[in-house]
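Following: one structure in structure tokens, then a few remarks.
These numbers were taken from a predicted model, which means no experiment stands behind them.
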Amino acid sequence: MVPTGNSTMLRLARLAASVPRLHAHPTNSRHSMAYSAKIGPSILSSDLSCLGSECVRMMECGADYLHLDVMDGHFVPNITFGHPMVECLRKTVGQDPFFDMHMMVSRPEQWVKPMAAAGASQYTFHVEATTNPGNLIKEIRESGMKVGLAIKPGTTVEELAPWANQVDMALVMTVEPGFGGQKFMEDMMPKVSWLRSQFPSLDIEVDGGVGPDTIHKCAEAGANMIVSGSAVIGSDDPRSVIALLRTAVAEAIQKRSLDR
């Protein structure tokens with residue numbers, strides 16, 4: 001678990017001082033608000049016996065993208081699905097929906113080409129799962145996908161920071177990866193706040209325990225890509241929940257822009 005309070009803030013302050021050496025933000029990027037509110041239902045919360053129609057239903061309810069959790073039973077204890085399922089879903093839903101692949105796997109290099117061929121849009125791997133993030137980022141880009149980089153709750157933001165200017169999205173896990181239905185970890189929000197302050201135009205995603213009760217904390221910290229599973233898919237009115245989440249994030253983005 002990441003420590004909170006003075007020790008965390010002191011560490012982040014030290015890291016902030018080193019950011020210019022990381023080329024974290026190009027000139028004038030502090031004044032650009034290139035990111036927007038995007039809501040991505042986690043399809044693992046769906047009725048898996050009719051996953052294709054559930055994906056279509058989520059898009060019809062206003063989802064901006066679909067978050068697909070790939071678990072290998074090694075990096076995390078559970079097993080979900082792989083690229084054959086992604087290929088089937090792509091055929092079912094067409095080319096338009098954005099597939100954000102959350103690769104909770106111990107050998108992320110192994111699945112880049114198969115996922116690209118299956119129709120994945122973004123390949124989000126864990127910094128903890130590879131010894132050479134730079135090579136993997138390059139390989140993902142060359143395969144035609146966007147790049148996401150994720151950290152577990154126990155991983156410090158310092159481990160993500162050197163790569164933040166090379167990726168399209170940073171994912172801050174707000175639960176331990178591998179299981180749904182966990183309680184949202186509010187003490188992950190300093191990571192989000194620091195990333196937003198240092199990388200102003202970066203897409204920052206949060207995943208785990210996010211719903212109407214916790215969205216404002218995520219939005220205020222600076223997250224703009226919101227993964228929500230049971231809160232959206234388990235709702236009687238997913239369209240309204242998606243709209244509520246998007247409004248909270250959009251209002252926070254607007255406030256941040258005005259505060260500048």
Checking Phe75 against Glu128 for the side-chain contact (heavy atoms from CB on, under 4.5 Å) test, could you report, in this order, the C-alpha distance in whole Å, the side-chain angles of both residues, the deciding distance, and whether it holds? CA-CA 9 Å; Phe75 183 74; Glu128 305 93 350; 3.9 Å; yes

Dump the intermediate steps for salt bridge (Lys or Arg N to Asp or Glu O under 4.0 Å) on Lys255 and Glu220, then the final yes or no. CA-CA 9 Å; Lys255 182 177 186 299; Glu220 287 163 12; over 6 Å; no

Short side-chain to backbone donor-acceptor contact, Ser193 and Met189, under 3.5 Å: yes

Heavy atoms, side chains only, cut-off 4.5 Å: are Val175 and Lys183 in contact? no

If you count heavy atoms of other groups shown closer than 6.0 angstrom to CG of Asp236, is the number above 12? no

Same apolar cluster (I L V M F W Y, side chains within < 4.5 Å links), Met173/Val70: no

Backbone of Ala243 reached by a side-chain donor or acceptor of Arg239 within 3.5 Å: no

Does Val227 belong to the same Ile/Leu/Val/Met/Phe/Trp/Tyr cluster as Val192, with side-chain heavy atoms less than 4.5 Å apart forming each link? no

Minimum heavy-atom distance between Asn224 and Leu202, given as atom pair plus value: OD1-O, 3.9 Å

Check: Phe99 and Val86 side chains under 4.5 Å, non-hydrogen atoms: yes

As a quick check of understanding, evaluate side-chain contact (heavy atoms from CB on, under 4.5 Å) for Ser228 and Leu245, giving each step before the final call. CA-CA 9 Å; Ser228 186; Leu245 298 176; 4.0 Å; yes

Between Pro212 and Ala231, the two heavy atoms sitting closest are CD-CB, 4.0 Å

Using modelled atom types and a 3.5 Å cut-off, is there a donor and acceptor pairing between side-chain atoms of Arg256 and backbone atoms of Arg196? no

Any side-chain to backbone donor/acceptor pair from Asn78 onto Gly178? Under 3.5 Å, distance only. yes

Checking the side chain of Glu87 only, and the main-chain atoms of Ala117 only, is there a donor and an acceptor separated by less than 3.5 Å? no

Would a hydrophobic clustering, with Ile, Leu, Val, Met, Phe, Trp and Tyr connected at side-chain separations under 4.5 Å, put Leu48 with Met59? yes

Same cluster or not: Met104 versus Leu68, using hydrophobic residues (I, L, V, M, F, W, Y) connected whenever any side-chain heavy atoms lie under 4.5 Å apart? yes

Do Val249 and Leu66 belong together in a cluster built from hydrophobic side chains that touch within less than 4.5 Å? yes

Residues two or more places apart in sequence or in another chain: which of them pass side-chain hydrogen bond (donor to acceptor under 3.5 Å, both in side chains) with Asp72? Ser106

Would you check if Met58 and Pro238 make a side-chain contact, meaning some heavy-atom pair closer than 4.5 Å? yes

Is Leu171 close to Ile151 at the side-chain level, that is, under 4.5 Å between some pair of heavy atoms? no

In Å and rounded to the nearest 0.5 Å, what is the CD1 to OH distance from Ile204 to Tyr35? 7.5 Å

Who are the salt bridge (Lys or Arg N to Asp or Glu O under 4.0 Å) partners of Glu186, not counting sequence neighbours? none

To check you understand the geometry: which heavy-atom pair defines the closest contact between Thr130 and Pro108, and what is its length? CB-CG, 4.3 Å

Within the 4.5 Å heavy-atom criterion, are Met188 and Met185 side-chain neighbours or not? yes

Okay, side chain of Ser235, backbone of Asp237: is any donor-acceptor separation there less than 3.5 Å? yes

Of all the heavy-atom pairs spanning Ala248 and Ile215, show the shortest one and how long it is. CB-CG1, 3.9 Å

Show your reasoning for whether side-chain contact (heavy atoms from CB on, under 4.5 Å) applies to Asp168 and Gln122. CA-CA 9 Å; Asp168 298 288; Gln122 178 165 277; 4.1 Å; yes

Can a salt bridge be assigned to the pair Arg57 and Glu54 using a cut-off of 4.0 Å between side-chain N and carboxylate O? yes

So Glu139 and Tyr123, side-chain contact (heavy atoms from CB on, under 4.5 Å) or not? Walk me through it. CA-CA 10 Å; Glu139 186 180 349; Tyr123 194 95; over 6 Å; no

Quick one: CE on Met85 to CD1 on Ile43, what's the gap to the nearest 0.5 Å? 7.5 Å

Side chain to side chain contact (heavy atoms under 4.5 Å, CB included) with Val167: of Leu160, Val147, Asp203, only one passes, and it is Val147

Is the closest side-chain heavy-atom distance between Met103 and Met71 below 4.5 Å? no

Considering only heavy atoms from C-beta outward, does the side chain of Phe125 approach that of Ile137 to under 4.5 Å? yes

Quick check for you: to the nearest 0.5 Å, what is the distance between Leu89 atom CG and His83 atom NE2? 13.5 Å

Checking Lys38 against Phe98: charged group under 6.0 Å from the ring centre and within 45 degrees of the axis? no

Between Met169 and Asp100 the two heavy atoms that sit nearest each other are CE-OD1, 3.9 Å

When you measure from the side chain of Ser257 to the backbone N and O of Gln254, does any donor-acceptor pair fall under 3.5 Å? no

Approximate separation, where rounding is to 0.5 Å, of Thr174 OG1 and Glu205 CD: 9.5 Å

Any donor and acceptor pair, going by atom type alone, linking the side chain of Arg107 with main-chain N or O of Ala129 inside 3.5 Å? no

What residue among Ser42, Pro41, Ser45 forms side chain to side chain contact (heavy atoms under 4.5 Å, CB included) with His67? Ser42

Side-chain heavy atoms of Lys146 within contact of Ser121, under 4.5 Å: no

Between atom CD1 of Ile233 and atom OG of Ser46, what is the distance when rounded to the nearest 0.5 Å? 3.5 Å

Could you give the distance from NE2 (His126) to CD (Glu159), rounded to the nearest 0.5 Å? 12.5 Å

Identify the two heavy atoms, one from Ala250 and one from Ala37, that lie closest to each other, and give their separation to 0.1 Å. N-CB, 3.9 Å

